[in-house]
Protein chains: 2
Amino acid sequence: MQTDSAPRPTLADVAAKAGVSASTASLAFSGSGPVSDATKERVLAAADALGYGGPDPRARSLRRGRSGIVGVVLEERVRAAFLDPVKIQMLDGITEGIAPLGAGLLLLTDTGEVDGNAVSIESAPVDAVVLIGCSPRLGHSVEALRRRGIPTVAIEGAAGEDIPEISIDNREATRRGAEYLKELGHTEVALVTLPFDAARTRGPLTPALVAASTADTASERLLGARDVFPEATGRAAAASSIEEGLEAGRALLADPANRPTAIIAQSDLLAAGVIQAAEELGVAVPAELSVLGFDGIRVDGLQHDLTTLVQPSVAKGRAAGEAVVQLLAGEPPRSRCFTSSLHVGDTTAPPRGRR
Amino acid sequence: MQTDSAPRPTLADVAAKAGVSASTASLAFSGSGPVSDATKERVLAAADALGYGGPDPRARSLRRGRSGIVGVVLEERVRAAFLDPVKIQMLDGITEGIAPLGAGLLLLTDTGEVDGNAVSIESAPVDAVVLIGCSPRLGHSVEALRRRGIPTVAIEGAAGEDIPEISIDNREATRRGAEYLKELGHTEVALVTLPFDAARTRGPLTPALVAASTADTASERLLGARDVFPEATGRAAAASSIEEGLEAGRALLADPANRPTAIIAQSDLLAAGVIQAAEELGVAVPAELSVLGFDGIRVDGLQHDLTTLVQPSVAKGRAAGEAVVQLLAGEPPRSRCFTSSLHVGDTTAPPRGRR
DNA sequence: ATTCTAGGCCGAATCGATTCGAGTGGGGTG
DNA sequence: CACCCCACTCGAATCGATTCGGCCTAGAAT
């Protein structure tokens with residue numbers, strides 16, 4: 001779409017054409033400095049005549065030391081993040097929070113592999129970064145950002161003392177949900193957790209796996225569940241998705257002689273998958289199996305009104321955005337912790353034969 | 001999180017510490033040039049000792065002339081775009097398409113207001129841009145990008161001869177859907193369209209509104225519908241959302257004596273809203289009212305299997321991403337047009353008394 | 001032993017704009 | 001009438017890295 005032969009005009013060209021110095025032309029564009037209206041107009045006219053498209057943002061950001069871009073680090077590929085309604089809500093909140101900055105949002109993923117020229121955490125022209133998600137890889141990201149001196153805010157996941165963290169009462173909330181199940185009379189409770197490690201190991205919830213956990217969210221929610229059901233075990237999913245929930249649900253419900261009466265899933269998507277598995281196996285929800293979720297999103301296609309722990313996702317995002325603004329303003333970092341609430345839907349009931 | 005007192009080390013500092021020249025240090029980092037292993041190691045060691053975080057991406061991109069960032073222009077605020085499943089699918093496709101570039105995705109909105117320092121289309125450090133959505137403001141965006149010489153690809157919306165466009169058979173597909181309704185026996189058909197202009201005027205589908213259209217998608221789909229039902233009129237929505245569909249549906253169904261037997265909505269979300277309106281008013285779908293959508297997404301909470309025109313959203317995004325790669329490689333722009341298919345669900349039936 | 005070759009390394013220019021201190025002209029004032 | 005001040009403009013340095021041509025030296029070839 002461009003004529004490669006003719007290089008784009010630069011500010012210097014415009015200045016020459018307008019008969020002023022480059023510095024004056026710059027002033028005319030940025031608008032701030034003391035420039036007479038006549039001069040400014042002349043510069044703008046020259047720019048127009050030359051087809052000048054405005055100051056090059058690359059040069060500008062080099063000089064100014066700011067790019068006007070805030071990075072958002074997702075732990076998975078973009079596709080996966082977009083499939084998770086919680087992530088989208090947080091993104092939305094972040095957008096609101098950083099609005100006063102007028103900054104753009106750059107989507108980044110921390111896959112660990114540093115591909116030479118690819119734009120990554122190690123090399124993205126960002127002024128600040130928000131780490132999203134219960135990231136098992138968090139340590140790595142934080143180190144890279146610290147070296148680069150980039151202000152950072154983390155959503156879910158203790159990143160370090162000097163990094164403000166936006167979180168929720170994962171343990172306490174889960175405990176509340178678990179207590180509700182206990183009050184209903186459940187004793188045979190199984191868990192479906194979020195991934196515990198960077199490898200996203202899928203499988204039984206072994207002590208070894210839990211001990212090696214690098215994911216705070218999963219760990220905290222697990223603790224909350226075990227506060228009420230100390231012996232509870234279950235399965236770890238490889239991601240927060242219906243698919244993974246389905247898989248875990250199948251495994252947990254495989255043996256008709258030995259089924260839990262309730263399953264605590266660490267996300268609504270996982271819960272939806274568990275319910276699907278139950279339907280497959282002819283296990284009635286909630287009559288034969290109670291299912292508890294976490295997040296409070298609407299799950300597409302789910303016929304039930306899921307009993308779940310509702311977290312304020314948008315508010316979390318907004319808080320993260322606001323924290324970014326504060327950091328950039330030189331104010332000290334401030335962490336925040338939000339509270340979740342139990343929403344009782346129709347996927348939980350007293351266990352069979354106990355009504 | 002950073003000690004403001006001590007400025008970050010630069011490549012020159014590292015070079016000095018390693019006892020080599022800046023140029024050599026640069027080579028050591030970028031890896032490409034001829035540098036002995038010993039030297040490279042020394043440089044890397046020095047960098048480590050100094051806590052150097054790697055080459056500054058701002059300086060690098062100024063010199064290289066590329067930032068490694070691809071912009072995605074959404075016509076609405078980010079929140080709104082994320083609520084539209086079609087947009088998300090296209091974003092996902094774009095991510096796939098530009099994967100070989102290793103580039104980041106910068107979210108931009110073209111609101112028209114140019115806020116001084118804000119990162120916008122006029123001033124974003126992007127190597128290329130994808131315009132998403134049936135944007136009434138497209139002309140403005142394109143002009144800004146052309147001036148800046150930034151390779152551009154448009155999804156839905158004729159942007160100009162030299163800009164590759166990724167589109168679907170809007171008119172033809174809608175015609176097919178309309179013909180299906182006609183075959184069922186419908187004659188009283190009303191329309192609910194996407195916005196026609198930048199102002200997103202909501203209201204009756206007047207000739208004046210249509211004539212002043214700046215939105216190709218809405219216009220094309222309208223033409224397709226009128227190919228079959230030349231007299232069809234209806235209402236224009238202010239956005240593609242359930243809420244807007246609801247509003248339009250209420251208006252179209254308000255008068256019991258004068259109701260259409262079928263409504264052609266230009267998006268699934270609008271269709272879902274129309275169905276909600278019908279339910280509100282006690283109009284049975286499809287017995288008393290047939291509803292046709294467009295997009296082929298799953299609408300959250302909708303109990304029906306919507307009859308709709310399924311478009312390949314992800315493929316469109318991927319094609320756009322691939323076009324970006326081609327443009328950046330200097331290859332000539334290539335437009336592509338995908339085909340939609342009619343999915344017959346349970347929201348369409350012969351009109352009452354015609355079975 | 002001498003010349004050729006090539007791998008390694010360096011110096012200097014460059015990318016394009018911003019910024020700060022210095023200069024200059026015109027208008028107002030004592 | 002001379003002086004001062006203000007408003008505007010200019011020069012030059014700077015942001016930090018990349019890149020290209022040239023230079024040097026050690027080893028190979030003759």
Side-chain angles (χ1 to χ4, degrees), chain A residues 7-43 46-47 50-68 116-117 119 122-125 127 147-150, chain B residues 7-43 46-47 50-68 116-117 119 122-125 127 147-150:
Chain A
R8 303 255 123 216
T10 72
L11 187 56
D13 299 330
V14 173
K17 170 115 183 171
V20 299
S21 75
S23 30
T24 301
S26 174
L27 273 309
F29 270 99
S30 59
S32 47
V35 182
S36 72
D37 289 341
T39 308
K40 182 182 295 186
E41 206 166 314
R42 212 145 35 90
V43 172
L50 260 42
Y52 179 65
D56 186 322
R58 293 179 288 253
R60 180 206 287 266
S61 72
L62 170 59
R63 184 65 240 244
R64 296 238 249 233
R66 280 205 178 179
S67 64
N117 282 331
V119 167
E122 337 273 335
S123 68
D127 295 338
R147 283 181 81 87
R148 293 185 55 200
I150 294 180
Chain B
R8 303 254 123 215
T10 72
L11 187 55
D13 299 330
V14 174
K17 170 114 182 173
V20 299
S21 74
S23 30
T24 302
S26 174
L27 272 307
F29 270 99
S30 60
S32 47
V35 182
S36 73
D37 289 342
T39 308
K40 183 181 296 187
E41 206 166 314
R42 212 144 35 92
V43 173
L50 260 42
Y52 179 66
D56 186 321
R58 291 179 290 253
R60 179 206 288 265
S61 72
L62 170 58
R63 183 65 241 241
R64 296 238 248 233
R66 281 205 178 178
S67 63
N117 281 331
V119 167
E122 336 272 334
S123 66
D127 294 339
R147 286 180 79 86
R148 294 185 56 200
I150 294 181

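In what follows, every chain begins at residue 1, and chains take the letters A, B, ... in the order their sequences are listed. Heavy atoms only: backbone and side chains are in, while hydrogens, waters and symmetry mates are out.
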Original post:
What residues, two or more places apart in sequence or in another chain, satisfy side chain to side chain contact (heavy atoms under 4.5 Å, CB included) together with B/Ala124?
Top reply: B/Leu106, B/Leu108, B/Val119, B/Val126
To the nearest angstrom, how far is [X] atom [atom1] from [N] atom [atom2]?
X       : N      : atom1 : atom2 : result
B/Leu62 : D/dC15 : CG    : P     : 14 Å
A/Arg64 : D/dC15 : CZ    : P     : 16 Å
B/Arg58 : C/dT18 : CZ    : P     : 14 Å
B/Lys40 : C/dC9  : NZ    : P     : 11 Å
B/Phe29 : D/dA17 : CZ    : C1'   : 11 Å
A/Arg66 : D/dT14 : CZ    : P     : 23 Å
A/Arg8  : C/dT14 : CZ    : C1'   : 20 Å
A/Asp56 : C/dT18 : CG    : P     : 10 Å

Original post:
If you find the nucleotide of DNA chain C closest to B/Arg42 and the one closest to B/Arg63, which residue's nucleotide is nearer the 5' end?
Top reply: B/Arg42
Which value, rounded to the nearest 0.5 Å, describes the distance between [X] atom [atom1] and [Y] atom [atom2]?
X        : Y        : atom1 : atom2 : value
A/Leu62  : B/Arg63  : CG    : CZ    : 12.5 Å
A/Thr10  : A/Asp13  : OG1   : CG    : 3.5 Å
A/Leu50  : B/Arg147 : CG    : CZ    : 9.5 Å
B/Asp56  : A/Ser67  : CG    : OG    : 9.5 Å
B/Asp127 : A/Arg58  : CG    : CZ    : 6.5 Å

Subject >> Residues in side chain to side chain donor-acceptor pair (under 3.5 Å) contact with B/Ser26, at least two apart in sequence or another chain >> reply: none
Under 4.0 angstrom, heavy atoms only, what part of the nucleic acid is [X] near: base, sugar-phosphate, or nothing?
X       : answer
B/Ser30 : nothing
A/Pro34 : base
A/Ser36 : sugar-phosphate

Could you pull out the closest heavy-atom pair between [X] and [Y], with the gap in Å?
X        : Y       : answer
A/Leu11  : A/Ala22 : CD2-O, 4.1 Å
A/Lys17  : A/Ala46 : CG-CB, 3.6 Å
B/Arg148 : A/Pro57 : NH2-CG, 3.3 Å
A/Arg42  : A/Ala18 : NH1-O, 2.6 Å
B/Ala25  : B/Ala15 : CB-CB, 3.8 Å

Original post:
What does the inter-axis angle of the helix from C/dA1-D/dT30 to C/dG30-D/dC1 come out as, five pairs per end, nearest 10 degrees?
Top reply: 40°
**OP:** Would you state whether a donor and an acceptor, one from the side chain of B/Arg60 and one from the base of D/dT18, lie under 3.5 Å apart?
**Re:** no
**OP:** Examine D/dT18: is either OP1 or OP2 under 4.0 Å from a nitrogen or oxygen in the side chain of B/Ser26? Give yes or no.
**Re:** yes
Original post:
Under 4.0 Å between a side-chain N/O of A/Tyr52 and OP1 or OP2 of C/dG16, yes or no?
Top reply: no
Nucleotides 21-25 of chain C: which of its N/O atoms have a protein N/O under 3.5 Å away?
none

Show me the protein contacts with nucleotides 20-26 of chain D, counting only N or O atoms at under 3.5 Å.
none

Subject >> side-chain contact (heavy atoms from CB on, under 4.5 Å) between B/Val43 and B/Phe29, intermediate numbers included >> reply: CA-CA 8 Å; B/Val43 173; B/Phe29 270 99; 4.0 Å; yes
Subject >> Those residues of residues 9-21 of chain B lying under 4.0 Å from DNA chain C by at least one heavy atom >> reply: B/Gly19, B/Val20, B/Ser21
